[in-house]
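Report on one structure; see the data block that follows.
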Amino acid sequence: MLNFTVGPVMCSEEVCAVGGEQIPYFRTPEFSELMKENERLFLKYAHAPEGSRAAFMTNSSTGSMEAAVMNCFTEADKVLVIDGGSFGHRFAELCRIHGVPYETLPLRCGQALSEERLYEYDGRGFTGLLVNIDETSTGVLYDAEMIGGFCRQNRLFYVCDCVSSFLADRFDMAHCGADVMITGSQKALACPPGISVIILAPSAVERVTSRTVKSMYFNLADVLRNMERGQTPFTPAVGILRQINARLREIEAAGGAEAEIARVAAQARDFREKIKDLPFELVAESPANGVTSLHPLNADAYEIFTYLKDNCGIWVCPNGGDMKSRVFRVGHIGHLTHEDNTVLVEALEDMQEKGLL
Ligand SMILES: *Cc1c(COP(=O)(O)O)cnc(C)c1O
């Protein structure tokens, strides 16, 4: 199997090996130490400001998006949601469900967010901003620094969903001024799904610990209190946290976050170069490193996905909803090489020869 989706992705042999081990009991000093090491490396890789904390959540990253909305905003807020695809819609939907007043800044599929467009919302009484830095459904990367400047100027509480961009695109939490950043285990971190991480800057720690939230499981103040001793309030996905530890150590040994980001960027560049002569149109105006969204000019996108899966053992990522026939995606995150890109491109060339592309 060759997996080019955007999550779950291919894991390294070491991460797979840890996944095959028995699961230890976790209320121990040894597990606490592992959790502390995980926290330290996440904060370092995110360039989190001094005094930031990490919350390890046993839920998919949508759970963490929901926890962020519930713990950081109330009906007294007015939140701006950058909405350029299905993950933007998701933040808007979460605001609606939790009664947080919001407005969306809608973008066309694949459209970049320009400074002019964002500043149309300047001085309009917003209190917070929600954005998916890589809108994974289209592969558009938003400029976290530019948005951060807007948030600073408007004094907005700034929440960045970096689920698919963490370790794939440069992100400096301290520099862009994000209060919260969210990521997950099954994207560029290249571990199995099950754990999501919320990094809270001191401003966010202050906010969540001084408020009450109507939830037991999504109570971030409780999560942070437990994390002071390297623990979680409830049983976490212990096995995946151990795999994450192995993976973070692997990244550390290979040169840290910058080296990993450069590797993913090179993987994306190599692929985009190799498909230059194929009948595809690139969807994203400002493409993220983690994924390339493609619009096939002569074929149905979903049929390409099905053909590669059924005939070649290769998984690309289909799109849902109204993009199902028009767009499919190729991921560059996870344990993939340039040779793997060649295998995929040769399969696509073979489809073209057969008149399927
Ligand atoms: C994958 C992803 C999520 C969360 O997906 P889950 O299925 O809940 O893990 C959220 N935001 C973005 C940008 C993503 O790519």
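For the numbers below, each heavy atom of this structure counts, side chains included, while hydrogens, waters and symmetry mates do not. Both ligands and their constituent atoms are indexed starting at 1 by order of listing.
- Between Val213 and Val208 the shortest side-chain heavy-atom distance does not fall below 4.5 Å.
- Taking the six-membered ring for Trp and the full ring otherwise, the centers of Phe150 and Tyr119 sit less than 6.0 Å from each other.
- Hydrophobic cluster membership differs between Val223 and Ile195, with clusters built from Ile, Leu, Val, Met, Phe, Trp and Tyr side chains linked at under 4.5 angstrom.
- Taking the six-membered ring where the residue is Trp, Phe271 and His332 present tilted rings, their angle falling between 30° and 60°.
- Using cut-offs of 30° and 60° on the angle between ring planes, the pair Trp315 and Phe305 is perpendicular.
- Tyr102 meets the ring-ring contact (aromatic ring centres under 6.0 Å, His included) test with no other residue; sequence neighbours excluded.
- Within 4.0 Å of ligand 1, counting heavy atoms only, the contacting residues are Ser60, Ser61, Thr62, Met65, Phe87, Arg90, Asp134, Thr136, Asp161, Val163, Ser164, Gln186, Lys187.
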